[in-house]
Each structure stands twice: as C-alpha cells, then as structure tokens.
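Values below: all heavy atoms of this structure, side chains included; hydrogens, waters and symmetry mates excluded.
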Amino acid sequence: MSTIDAFVESLEASGLPPLLSRKHGGEAFRAGVVTGDLGPLRFAELRTPAGECFRDARIARGDDGGTWQLYLLTRGRVRAEQGRSVAVLEPSDLVLIDPARPVQFAGTETTNVTVLVPRASLRLHADEAARLAGVRIRGDRGPGALVSALVKDMVRSATGFRAAEAARSAAAITELISVALSAQLGDLRLAPDDALRSRIEGYIEARLSDPDLSPAKIAKNHHLSVRRLHRLFEDQPLTVAALIRRRRLERCHADLAAPGRTVASVAARWGFSDPAHFSRLFKATFGYTASRAAADQRQEDLVHDLGQDPVRDGRDAPRRVLGA
C-alpha cells in the first residue's frame, strides 16, 4: 500500500486496534498487512516503513477492553511506550500492549506480528497488567523464546485447522503466553488468595459435567462461605457462575465438532438440563446457534474427507488485506 490513509483504513478494517501515524521516513510509503484467526486468537503480520504512530486517549477509550495485544518484532527496531514503561525491541522480542490505553511506537522499517488474545484467557490481575504493559519481554531465552518462535510462524502455518483443532491449539498458545508473562513478572509464588482461586478453578474444570455444580457447592467443598467465594473472584473477568457457564459452553462448542453427537446430548453432557436455555446461551455467546455449529462441522468434515480445502467463512485462512 502506497498511502498512509489507505494503510490506516485497512488496519482498522482488519480488526486490529487503531493507530494514527505521526510521521514516516522516506519519500515512498510502502506497507502491508496479512491477518487471520486461530480459534479465538486474531493475528496479523504488519510491514511498516520507518516512522512513528500512536493511539491517543480518545481512540483508546473506544476499545471494548476485550483483548490484550501481544506484539512481536521480527525485523527492525522499535521503541514502544505505554504508561510509564518503555520497551526497546530487537528482533524476536515481545511486548504486551493494552489496547484500551494510549501507546506510542517509533521505529525503523519493521515487520511485526500482533496477536489479540481474549483478556479472560490470560486472567491477569489489574496490578499484574499494570506491571507488564509496555515492558520488553526477551525473545532469545526462556518462555519468551518459545512464544516468539510460535507467534512468528502463526501467519503462515495457521491454516487447514478444523474448528476443534483450532480451539485446542489456541488454548495451548495462550497458556504458553501466560507462562511467559508470569516469568516476566519475576515472581511465580502465588499469594494465598491466588493459590486458593487456582484450586477452585481446577475444581470447576474437573466437574463441569456435574449439573449440580454451583457457587454454593463449590464454597461448601472448600470450607468457605458463598460470600467469601464471590470476593475471591470480584476482581476477575468472570464471576464464579459466569466462569462455570462459559467453560461449559466452550466444552459444548468443542464437542459439537465431533461426529455423531447431537446438540441435546452435548448440552446434557455438560450440565445443561434445559435445551432451550442452552440454545439461547450458546447463541448469545458465540453469535450463532449450536445447530449451525454442528452442521458447519459436518460439512467441513465432508469437505475434508473429499480432500478439498476447508472453507469456514474465511476464518481459518490468512487473508491479505493489503500488500506492498
């Protein structure tokens, strides 16, 4: 793309957090974007000229706060500022950016990969997020190196996944990102409340199929009052009840990708005794019905068995929005 305005418009159309250009070096402006999805993860490879760009408070306020932005530099050199933190990035380095806060970038001609990760998946506390945003994460050692290597190849390799495969792969990548962020914090010891909350989350995960799973039952089995249980989760993205519901729905979504399973049987397996209530929750969460999810997967399996390329509304194949 040869103009800044066209690049900015295409960047916004790709679903990435918007940026404004302050200046760029050289007489010719050449930039490109390749975007795609892997399960709930949205990713994009950007090629940008030397210069500066930023997101001010006015633009940041328009963000819905639903994602974190993990930025990986693969070529060039970049200075990223958010809050009081400044990250000077070399190739393979990463930085976590909060799309709901102002940020500034200045750099040479670069290539970078951005991954948008649902906030609920990373489960960062407010204080942890404040400490991590805008801080350089080295990509040449430890967990950061593993994340860097995976993210670098996402744009080219995240194709041909079935829905269930994409969801599981995205979950694995998200977990590795969480490990790298925890390592960056430099203190893996959990506070008592954090340790208790982790045990409760594990308890919930192991008992999602129990139709009687509820905050009251969880509190009783952990020798807590219901009020104390709710206080443990008051600064989390989801309440206890919402966490149970969301994880059950995600399990249902994954199971609908398996052949020979009906919507009713999947719903019952994961604790939804009222099919109509389940159908409403599923559509409100994913934007389409459970029946459609199952039908789409059957069609995808048929296409896959015939040896053709799967087509899922363009969600799993990188798409070129613009190019140099």
Side-chain angles (χ1 to χ4, degrees), residues 7 11 14-19 31-55 67-83 85-99 101 103-119 121-122 124 129 131-159 166 169-185 318-321 323-324:
F7 176 70
L11 186 63
S14 72
L16 295 179
L19 289 170
V33 181
V34 178
T35 65
D37 300 281
L38 182 67
L41 304 180
R42 155 71 48 116
F43 54 88
E45 182 182 74
L46 281 76
R47 292 176 288 110
T48 57
E52 299 179 12
C53 57
F54 67 97
R55 183 163 53 249
T67 61
W68 289 107
Q69 178 182 358
L70 186 70
Y71 177 103
L72 164 67
L73 185 68
T74 60
R75 180 176 63 94
R77 193 168 184 269
V78 166
R79 186 176 189 270
E81 297 182 43
Q82 185 160 66
S85 299
V86 177
V88 178
L89 307 177
E90 302 288 343
S92 297
D93 288 344
L94 306 114
V95 63
L96 184 71
I97 299 296
D98 184 351
R101 296 171 56 199
V103 65
Q104 297 184 55
F105 295 96
T108 64
E109 183 177 346
T110 64
T111 302
N112 65 79
V113 179
T114 283
V115 183
L116 296 182
V117 186
R119 287 182 185 247
S121 300
L122 291 182
L124 288 174
R131 290 167 57 192
L132 284 169
V135 175
R136 176 197 180 206
I137 300 173
R138 293 188 59 166
D140 61 351
R141 64 187 184 190
L146 182 56
V147 172
S148 180
L150 284 172
V151 170
K152 181 179 179 180
D153 292 333
M154 280 184 68
V155 177
R156 309 302 171 191
S157 61
T159 59
S169 299
I173 292 171
T174 300
E175 182 60 28
L176 287 172
I177 292 172
S178 293
V179 171
L181 295 177
S182 294
Q184 183 65 32
L185 286 170
R319 52 189 180 277
R320 184 165 297 277
V321 178

Please walk me through it: do Arg79 and Val86 pass side chain to side chain contact (heavy atoms under 4.5 Å, CB included)? CA-CA 7 Å; Arg79 186 176 189 270; Val86 177; 3.7 Å; yes

Is the closest side-chain heavy-atom distance between Leu89 and Asn112 below 4.5 Å? no

From Asp153 atom CG to Glu45 atom CD, the distance as rounded to the nearest 0.5 Å: 10.0 Å

Do Gln82 and Arg101 have side-chain heavy atoms sitting under 4.5 Å apart? yes

Between Ile97 and Phe105, is the side chain to side chain contact (heavy atoms under 4.5 Å, CB included) condition met? List the steps. CA-CA 11 Å; Ile97 299 296; Phe105 295 96; 4.3 Å; yes

Check Ala166 against Gly39 and note the closest heavy-atom contact, atom names and distance. CB-N, 3.7 Å

In this structure, OG1 of Thr174 is separated from CH2 of Trp68 (nearest 0.5 Å) by 14.0 Å

If you measure from CG on Leu41 to CG on Asp37, what distance do you get to the nearest 0.5 Å? 8.5 Å

Close side-chain approach of Thr110 and Thr108, heavy atoms under 4.5 Å: yes

For the residue pair Leu176 and Pro143, establish whether any side-chain heavy-atom pair is separated by less than 4.5 Å. no

I'd like to know whether Arg77 forms a salt bridge (charged side-chain N to carboxylate O under 4.0 Å, His left out) with Asp93, so could you lay out the CA-CA distance, the side-chain angles of the two residues, the decisive distance to 0.1 Å, and finally the verdict. CA-CA 10 Å; Arg77 193 168 184 269; Asp93 288 344; over 6 Å; no

The reported gap from CD1 in Ile177 to CG in Leu96 (rounded to nearest 0.5 angstrom) is 9.0 Å

Are Ile137 and Val95 close enough, and set up right, to give a side chain to side chain contact (heavy atoms under 4.5 Å, CB included), and what steps lead you there? CA-CA 6 Å; Ile137 300 173; Val95 63; over 6 Å; no

Sub-4.5 Å side-chain heavy-atom contact between Lys152 and Val113: no

Which value, rounded to the nearest 0.5 Å, describes the distance between Arg75 atom CZ and Thr48 atom OG1? 8.0 Å

Using every non-hydrogen atom in the two residues, find where Leu38 and Phe43 come nearest and quote the distance to one decimal. N-CE2, 3.7 Å

Hey, are the side chains of Ser92 and Leu73 touching, using non-hydrogen atoms and a 4.5 Å cut-off? no

Is the shortest side-chain heavy-atom distance between Tyr71 and Leu94 below 4.5 Å? no

Between Glu109 and Arg47, does a side chain to side chain contact (heavy atoms under 4.5 Å, CB included) hold up when you go through it step by step? CA-CA 8 Å; Glu109 183 177 346; Arg47 292 176 288 110; over 6 Å; no

Test item: Arg55 side-chain N/O and Val103 main-chain N/O as donor-acceptor pair under 3.5 Å: no

Would you say Ser148's side chain and Gly144's backbone share a donor-acceptor pair under 3.5 angstrom? no

Which atom of Ser178 lies closest to which atom of Ser121, heavy atoms considered: OG-O, 4.4 Å

Mind listing the closest non-hydrogen atom pair of Leu16 and Leu116 along with its distance? CD2-CD1, 3.9 Å

Minimal heavy-atom distance between Gly76 and Pro91, with the atoms involved, is O-CD, 3.3 Å

Is the closest side-chain heavy-atom distance between Thr111 and Leu46 below 4.5 Å? no

